[in-house]
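Reading through the structure tokens given below for one structure.
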Amino acid sequence: MIITSLETFILHVPVTRNHISDSTHSITHWGMPGVKIFTDTGFTGYGFTGTHAHLASDRLITDCISNCYAELLIGQEVSDISLLWERLAYHPPLQWVGRAGITKMALAAVDIALWDIKSKASNEPLWKTLGGTEKDKVEAYNTDGGWLNLSTQMLIDDVLRLTEVDGYKSIKMKLGKPDHNEDLQRVEAVRNAVGSEVRIMTDANGRWRMPEALGVASKLKDYNVTWIEEPLWHDDVRGHKALSDAIETPVALGEMLYSLAHFEEFIFSKAVHYVQPDATRLGGITETIEVSNVAYEANLPVTPHAGDMAQTQIHLSIAHPGIELLEFIPWIKDCFIEPLEIRSGYFDFPKNSGAGTTLTEEAMSKYGKKVS
Ligand code: 0YR
Ligand code: MG
């Protein structure tokens, strides 16, 4: 099966209620720069990464695919994805300008499209291609009720709808208000509203310095919080180690890390408890499997971050023994031929062949932007 051509795309899809904030970002749309890869057998693969929908930076990603990766892909055989992955990741001129960032997110989109082709050609959903079985189970936790721009009352209403109506057993809420007491008051309000059974995850999106991280995070144990996510700046291995030694609540991170080596640094330094790889920021599914293997060996749960809104990572999560819980945000769900479904807090298993990335023509025309 030979790659014959490719075509890039950029979609900007509105978020719930037109606007959401965490401690660091405020966004109106989720961005999906990606690629369609065509083959001589007629199978077409779709892959995309996840951004904050800024057209100029999204175009850096699609330019990297069409101006740099395309010539390394066209004419190549698809079946050995690792070989193609290495061809792209270790291409000397590209390695020189970017072992992380734009080039890695572009590689993620390509890698996901290749896996999509591979499992379409095997006529099975990707979770089967990756070795998953019908007996596996993946819980969803929902992040879409916990934004920082919601008033405490809206936060409680949303969380109660997710848990009592939709049946989620785990939800995440954002922290990082300028007034730290307000963070704790909001956690207390949510705990009181949902009762003791629901798991509450918290996420500071890299906002704090050590004193405030210590101040807020050391009190989260009073509300039985499952984890504190990204309390400190994304690259700070020693800081996260020191913090996790000082507090009782486990530390989660990984959504901003670009490579296996980066993850190994945190894992082997014992600076993380819940490991959160994102296939759209690492080099796709290929590298996320490697990260998940290392975490699993180290007895750490893997709880992927949903830069793809879980649409693709559900497959990997079904197949990998280290993953039992996956983040879900519903924004882009309806863009796909086979949208993800969640029932009583657990993901339905996708049935279509492929990686779940095939977009509808309607989504392409409704949300598509000009790539250059
Ligand atoms: C909004 N999940 C996250 C969103 C989310 C971010 O900036 O991208 O909050 O991806 O941290 O864990
Ligand atoms: Mg996060």
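Counting starts at 1 for both ligands and their atoms, in listed order. No experiment lies behind these values; they were computed from the predicted model shown.
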For ligand 1, indicate whether the residue Trp147 contacts it via side chain, backbone, both or neither (heavy-atom separation under 4.0 Å).
side chain
Nearest to atom 9 (O) of ligand 1, what protein heavy atom do you find, and at what distance?
Asp22 OD2, 2.6 Å
Check each heavy atom of Trp30 against ligand 1 and say whether those closer than 4.0 Å belong to the side chain, the backbone, both or neither.
side chain
Just let me know how Asn205 lines up against ligand 1, side chain, backbone, both or neither, with a heavy-atom cut-off below 4.0 Å.
side chain
Regarding ligand 1, does Tyr141 bring an N or O atom to under 3.5 Å of one of the ligand's N or O atoms?
no
Which residue holds the protein heavy atom closest to atom 8 (O) of ligand 1, what is that atom called, and what is the gap in Å?
His52 NE2, 3.1 Å
Taking non-hydrogen atoms only, is Asp203 closer than 4.0 angstrom to ligand 1 via side chain, backbone, both or neither?
side chain
Considering only heavy atoms, does Lys174 approach ligand 1 within less than 4.0 Å through its side chain, its backbone, both, or neither?
side chain
Less than 3.5 Å between some nitrogen or oxygen of His25 and one of ligand 1, yes or no?
no
Student check: side-chain heavy atoms of Val216 and Ile228 closer than 4.5 Å
no
Think Lys36 forms a cation-pi with Phe9, using NZ or CZ under 6.0 Å from the six-ring centre and within 45 degrees of its axis?
no
Less than 4.0 Å between a side-chain N and a carboxylate O, is that true for Asp157 and Arg161?
no
As a test of reading the structure, name the N/O/S atom of Asp203 that is nearest the Mg ion (ligand 2).
OD2
Measure the distance from atom 12 (O) of ligand 1 to every protein heavy atom, then report the residue, atom name and distance (to 0.1 Å) of the closest one.
Lys172 NZ, 2.6 Å
Test item: Lys128 and Ser119 side chains (from C-beta on) under 4.5 Å apart, heavy atoms:
no
Quick check on the Mg ion (ligand 2): does Glu255 put an N/O/S atom closer than 2.8 Å to it?
yes
Would you say that more than 12 heavy atoms from the other residues, nucleotides or ligands in this model lie under 6.0 Å from the CD of Glu86, or not?
yes
Per residue Glu229, nearest N, O or S atom to the Mg ion (ligand 2) is named OE2
Is any side-chain N of the basic residue among Lys172 and Glu327 closer than 4.0 Å to the acidic one's carboxylate O?
yes
Angle class for the Trp227/Tyr141 ring planes (parallel below 30°, perpendicular above 60°, tilted otherwise)?
perpendicular
Part of Gln276 with heavy atoms under 4.0 Å of ligand 1, whether side chain, backbone, both or neither:
neither
for atom 10 (O) of ligand 1, nearest protein heavy atom and its distance come out as His305 NE2, 2.7 Å
